Protein chains: 2
Amino acid sequence: MPNDVGHEIADALGTLLKRSTREQIYRRLTEGLGEAVDEVTYPVLSGLARTGPRSAAGLADEIGLDRSGVTRRATRLEEAGLLRREPDPADRRATLLALTEAGRAAIHTTRQRLAAHIEDSLASWPPGEAQTFARQLHRFLDHGPFTA
Amino acid sequence: MPNDVGHEIADALGTLLKRSTREQIYRRLTEGLGEAVDEVTYPVLSGLARTGPRSAAGLADEIGLDRSGVTRRATRLEEAGLLRREPDPADRRATLLALTEAGRAAIHTTRQRLAAHIEDSLASWPPGEAQTFARQLHRFLDHGPFTA
DNA sequence: GCATACTGCGTGCGCCGCGCACGCTACTCT
DNA sequence: AGAGTAGCGTGCGCGGCGCACGCAGTATGC
């Protein structure tokens with residue numbers, strides 16, 4: 001029965017939903033980058049790297065968090081020198097969150113590490129197969145049941 | 001450059017690592033199943049469904065959690081009638097955690113829902129492509145950098 | 001032009017889940 | 001039989017989160 005495909009994918013994705021798995025991933029990715037970079041603050045760095053400097057409210061919407069959480073995480077990153085608050089020239093009540101050079105380096109390092117881990121596990125695959133798999137995974141997660 | 005494959009997969013997986021995404025997934029899966037079934041208690045149900053009745057310590061190892069957490073989650077599920085504690089006949093200090101009929105029904109419902117969501121998003125794919133994708137995903141996550 | 005409503009940010013508060021450490025019961029081994 | 005160990009449950013402190021409030025700055029209506 002074709003229902004097996006759904007269950008097989010569900011089982012596979014269950015691995016990623018496990019708390020301990022995610023913790024280990026983040027631990028490896030952020031190793032040696034200082035105390036401030038961890039599973040909690042990573043989405044802030046990642047979101048800023050994607051879109052450039054922006055307000056706390058906009059970032060909160062993107063990462064699905066309350067603005068207070070963004071404020072606290074930003075404070076931690078600011079104290080560690082990875083993030084800088086600069087006043088919005090167009091609106092004096094707003095403060096833009098921007099990565100410092102160290103912050104850009106940190107997110108770059110983590111992204112490189114994750115990509116390297118992934119490519120290691122794909123090393124034994126036929127190259128064409130790996131690329132089609134990457135495209136399919138991207139399509140599945142973007143237009144799938146996990147984005148709406 | 002082949003490095004793009006790693007980054008593309010990394011970006012795709014980032015979606016699943018987002019807190020809000022996981023919350024929405026669990027919210028959909030456990031809708032209408034009672035207050036006791038949520039993101040926190042789900043791994044207990046899932047683990048028991050996979051392996052049958054077992055001790056709290058073994059379950060804690062599997063889901064990567066402290067035994068105290070398993071105890072508390074099991075208590076919540078027990079009060080909701082989804083889980084039953086039965087004494088281990090071979091060891092009177094041990095208590096086996098076992099799903100009740102309602103617990104089995106709950107985990108079955110969530111699994112069916114998740115599989116249905118996944119298959120909906122795969123409906124437009126060529127059938128062979130979906131199956132090979134499922135196999136590749138399974139292989140990637142099991143023998144990949146996320147299991148060790 | 002001024003009063004009022006609104007927006008954006010930071011902070012205090014309470015809640016909840018977690019890991020750690022302790023106590024208790026039961027088993028094991030010599 | 002006694003010492004050490006394994007299994008479980010609970011009290012405690014920590015940390016992240018959402019909510020609600022206060023403050024500063026902006027927009028609107030008259």
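Remember, it's a predicted structure, so these values are computed and weren't measured experimentally. As a basis for the values below, the full set of heavy atoms in this structure was taken, side chains included, without hydrogen atoms, waters or symmetry mates. So that the names make sense, note that chain A is the first sequence line, chain B the second, and so on, each numbered from 1.
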From the set [options], return the single nucleotide nearest to any side-chain atom of [X].
X	options	result
B:D91	C:dC9, C:dG19, C:dA26	C:dA26
B:R85	C:dC13, D:dG9, C:dG19	D:dG9
B:R92	D:dG16, C:dA26, C:dC9	C:dA26
A:T95	C:dC9, D:dT26, D:dC8	C:dC9
B:R72	D:dG18, C:dC9, D:dC12	D:dC12
B:S68	C:dA26, C:dC9, D:dT10	D:dT10

- Task: Could you tell me whether B:D66 and B:R72 make a salt bridge, using a distance below 4.0 angstrom between a side-chain N and a carboxylate O?
- Result: no
- Between B:R54 and B:R19, just flag the one whose closest nucleotide in DNA chain D comes earlier from the 5' side. B:R54
Please state how far atom [atom1] in [X] lies from atom [atom2] in [N], giving the value in whole angstrom units.
X	N	atom1	atom2	value
A:R67	D:dC23	CZ	P	17 Å
A:E79	C:dG10	CD	C1'	14 Å
B:D66	D:dG13	CG	P	18 Å
B:D38	C:dC15	CG	C1'	14 Å
B:E86	D:dC8	CD	C1'	16 Å
B:E39	D:dG16	CD	P	17 Å
B:D61	D:dC8	CG	P	11 Å
A:Y26	D:dG16	OH	P	15 Å

Please answer whether the main-chain N or O of [Y] pairs with a side-chain N or O of [X] as donor and acceptor at a distance below 3.5 Å.
X	Y	value
B:T30	B:Y26	yes
A:D4	A:H7	no
A:T95	A:R85	no
B:T21	B:L17	no

- Message: On DNA chain C, does the nearest nucleotide to A:A56 precede the nearest nucleotide to B:A90 from the 5' side, or the other way round? Give the residue.
- Response: A:A56
- Message: Given the structure, check if the side chain of A:R76 and the base of D:dG16 hold any donor-acceptor pair shorter than 3.5 Å.
- Response: no
- Message: Counting distance alone, no hydrogens or angles: does the base of C:dT7 have a donor or acceptor under 3.5 Å from a partner atom on the side chain of A:R93?
- Response: yes
- Task: Scan A:S55 against the nucleic acid and name what it touches under 4.0 Å (heavy atoms): base, sugar-phosphate only, or nothing.
- Result: sugar-phosphate
